[in-house]
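A quick write-up on the structure given underneath.
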There are 2 protein chains.
Amino acid sequence: MAGERTSAGDPDRTLRLLWRDPTAVGRRGPRQGLSIDGVVDAATALADAEGLDAVTMRKVAAELGVVAMTLYTYVPGKAELLDLMLDAAYARMDRADTAGRPWRERVTEVAAENRRLFEAHPWAARVSTGRPLLGPGQMAKYEHELSAVDGLGLDDVEMDASLGHLLAFVRAWARDAADARAAVSESAMTDEQWWAVNAPLLERALDPGAYPLASRVGSAAGAAHGTAYDPAFAYEFGLARLLDGLAVLVER
Amino acid sequence: MAGERTSAGDPDRTLRLLWRDPTAVGRRGPRQGLSIDGVVDAATALADAEGLDAVTMRKVAAELGVVAMTLYTYVPGKAELLDLMLDAAYARMDRADTAGRPWRERVTEVAAENRRLFEAHPWAARVSTGRPLLGPGQMAKYEHELSAVDGLGLDDVEMDASLGHLLAFVRAWARDAADARAAVSESAMTDEQWWAVNAPLLERALDPGAYPLASRVGSAAGAAHGTAYDPAFAYEFGLARLLDGLAVLVER
DNA sequence: CCTCACTTCTTACAGCGTACAATGTACTGC
DNA sequence: GCAGTACATTGTACGCTGTAAGAAGTGAGG
């Protein structure tokens, strides 16, 4: 798969889909046996259970007891289906009211809400929206999250950029964490086993002492986390740096 | 595609490939007409010119005047080919010697080197290495980049985490920038045209005043950049925040 | 009641990664 | 020098993908 890409089709049609615009009124033929939400929910269940690669038109259709082409009555194509899945997931996110609390707590909570989204729906970190989604879920999410950086003395452009920076961080983290998980399950090898196999091979391959910093720091980091990449640590470390970075802007 | 994933196969074989270990000595049959580097270079040229999705075994083979299956003599599979492409691109990166300069400059230079990598090879931001790559390019890159955060009073774990944080930022930025570019070219629509189409549709769809912050901030940001997502601005803003965040750790 | 818009299904196509078996090459051991 | 065999290369094939095209059936509007 290609990096799954969304919003390939007609923007007008996509927007009406996102907002469930019932514009198609003069219905003449047979009733539809399914619904957009049914299709989106089935695809989401599949993605949650088996990953984004398992979301194929045939499998989603089979889940609903129809044939692949039937879905094209509900959705213009797969790209738009992914859009709908993402906006629906956004719509279902929990949004804590943190008004009045210190800004670091509020921003931390927004990050945590997004982290929870990606933990519940790892596929969501992989669907890439080249353009903003403009659906009800996205709008509600954006409105809610902006409120966490409101009233800090930032101008509008800085608010948008700060939130974007935070969201990019959490999403990048989610992708890396998902990749690391996938590496373990695909290779049927724990990180310890993988390292036990690779360490001696590596040692044989490389000029001893050619990479002094790399080997010292690399093994220190590996020993500290018990693995080459520790998602929990990376999240805490990155978020702390990010908050400190925003603080310079806020407390300027 | 799926998000292109690497390192599916035998780690031993992959490591030997990465380091070009000429262990297979007793060669008995006909000579190979190509070379690993030739295959990797052809695949890289294809990815540079037409994107990662254009890198198919058949197309790479055709470029080399052979048939798809021939490549499997040189490379265990597509995943390993992507590994080799990435490590080769790492190996070719320029690495400025910034010893003695202020740490912010040094870190900024590392970021810029990675930015240039992704501008020359946008596909590189999309191949996801679940495990570290352990090739000569990766090792040289890691060694070089660690030196930029060396001598700042950070311990080994903090050095690794800080560098990882920086690299994750640049890669996430590169993906977003590539996605935005792809959205423009795929839709055959500039951002202005896209917005001109969507703005009225959106206005019709949403309850006026339901998203006050979102509409105010969103349109301010859009107006400031002339587009919904401005990669150059996002990079500068994000890097500035990141440096300020590291500063708190360094100057502690 | 007839018309025809509309849903659904069948079939098909071009493309993917790669398993498998056939073919031909060129080196090693005798 | 020759047989045996390891190896490179190739053709064919399988199961998978998204979706275009057309046939068949349904049910409301005129």
Side-chain angles (χ1 to χ4, degrees), chain A residues 1-10 13 22-36 38-39 42-43 46-47 50-85 127 186, chain B residues 1-10 13 22-36 38-39 42-43 46-47 50-85 127 186:
Chain A
M1 112 211 94
E4 315 282 342
R5 189 148 284 128
T6 71
S7 272
D10 174 24
R13 172 91 193 272
T23 282
V25 270
R27 324 259 280 76
R28 193 104 82 112
R31 290 281 154 72
Q32 290 189 312
L34 308 172
S35 67
I36 298 186
V39 172
L46 204 50
E50 301 178 43
L52 195 54
D53 295 342
V55 179
T56 71
M57 299 303 268
R58 282 173 238 259
K59 280 191 194 155
V60 173
E63 212 74 37
L64 294 164
V66 295
V67 100
M69 289 310 293
T70 302
L71 301 182
Y72 288 85
T73 329
Y74 298 86
V75 146
K78 195 186 174 183
E80 288 78 7
L81 177 55
L82 294 177
D83 274 348
L84 293 169
M85 290 167 63
V127 330
E186 276 172 32
Chain B
M1 125 183 200
E4 314 282 342
R5 188 148 285 128
T6 71
S7 271
D10 174 23
R13 171 91 192 273
T23 282
V25 269
R27 321 257 280 77
R28 192 104 83 114
R31 290 282 155 72
Q32 289 188 313
L34 309 172
S35 67
I36 299 187
V39 172
L46 203 51
E50 301 178 44
L52 195 55
D53 295 342
V55 179
T56 71
M57 299 303 268
R58 282 173 238 258
K59 281 190 192 156
V60 173
E63 211 74 37
L64 294 163
V66 296
V67 100
M69 288 311 293
T70 302
L71 302 182
Y72 288 85
T73 330
Y74 299 85
V75 146
K78 194 184 176 186
E80 288 78 7
L81 176 54
L82 294 176
D83 275 348
L84 293 169
M85 290 168 63
V127 330
E186 277 173 32

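Order of the sequence lines fixes the chain letters, A, B, ..., with proteins taken first and strands second; residue numbering starts at 1 for each chain.
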**OP:** Figure out the CD/P separation between B/E80 and C/dG17, and round it to whole Å.
**Re:** 13 Å
Original post:
Taking CE from A/M57 and P from C/dA12, how many angstroms apart are they, rounded to a whole number?
Top reply: 21 Å
Original post:
Which part of the nucleic acid does B/V55 contact within heavy-atom distance under 4.0 Å: base, sugar-phosphate only, or nothing?
Top reply: sugar-phosphate
**OP:** Return the residues of residues 58-66 of chain B meeting this criterion: a heavy atom under 4.0 Å from some atom of DNA chain C. Order them by number, or give none.
**Re:** B/R58
Subject >> Below 4.0 Å: OP1/OP2 of D/dA8 and any side-chain N or O of B/T73 >> reply: no
**OP:** Would you indicate, yes or no, if D/dG4 has its OP1 or OP2 atom less than 4.0 angstrom from a side-chain nitrogen or oxygen of B/R28?
**Re:** no
**OP:** Tell me whether the OP1 or OP2 atom of D/dG18 has a side-chain N or O from A/Y72 closer than 4.0 Å.
**Re:** no
Original post:
Once you round to the nearest 0.5 Å, how far does CD1 of B/I36 lie from OG1 of B/T73?
Top reply: 11.0 Å
Subject >> d(CG, A/L34; P, C/dC6) in whole Å >> reply: 18 Å
**OP:** May I have the distance from A/K78 (atom NZ) to D/dT17 (atom P), rounded to whole angstrom?
**Re:** 9 Å
**OP:** Check every strand shown and say whether A/T56 touches a base, only sugar-phosphate, or nothing at a heavy-atom separation below 4.0 Å.
**Re:** sugar-phosphate
**OP:** Side chain of B/Y74 only, please: which of D/dG27, D/dT9, D/dT19 is the nearest?
**Re:** D/dT9
Original post:
Where is the tightest heavy-atom contact between B/L52 and B/V127, given as atom of each residue plus distance?
Top reply: CD2-CG1, 4.0 Å
Original post:
What is the distance from CE of A/M69 to C1' of D/dG18, rounded to the nearest Å?
Top reply: 9 Å
Original post:
Within the side chain of A/Y74, is there an N or O that forms a donor-acceptor pair under 3.5 Å with the backbone of A/L34?
Top reply: yes
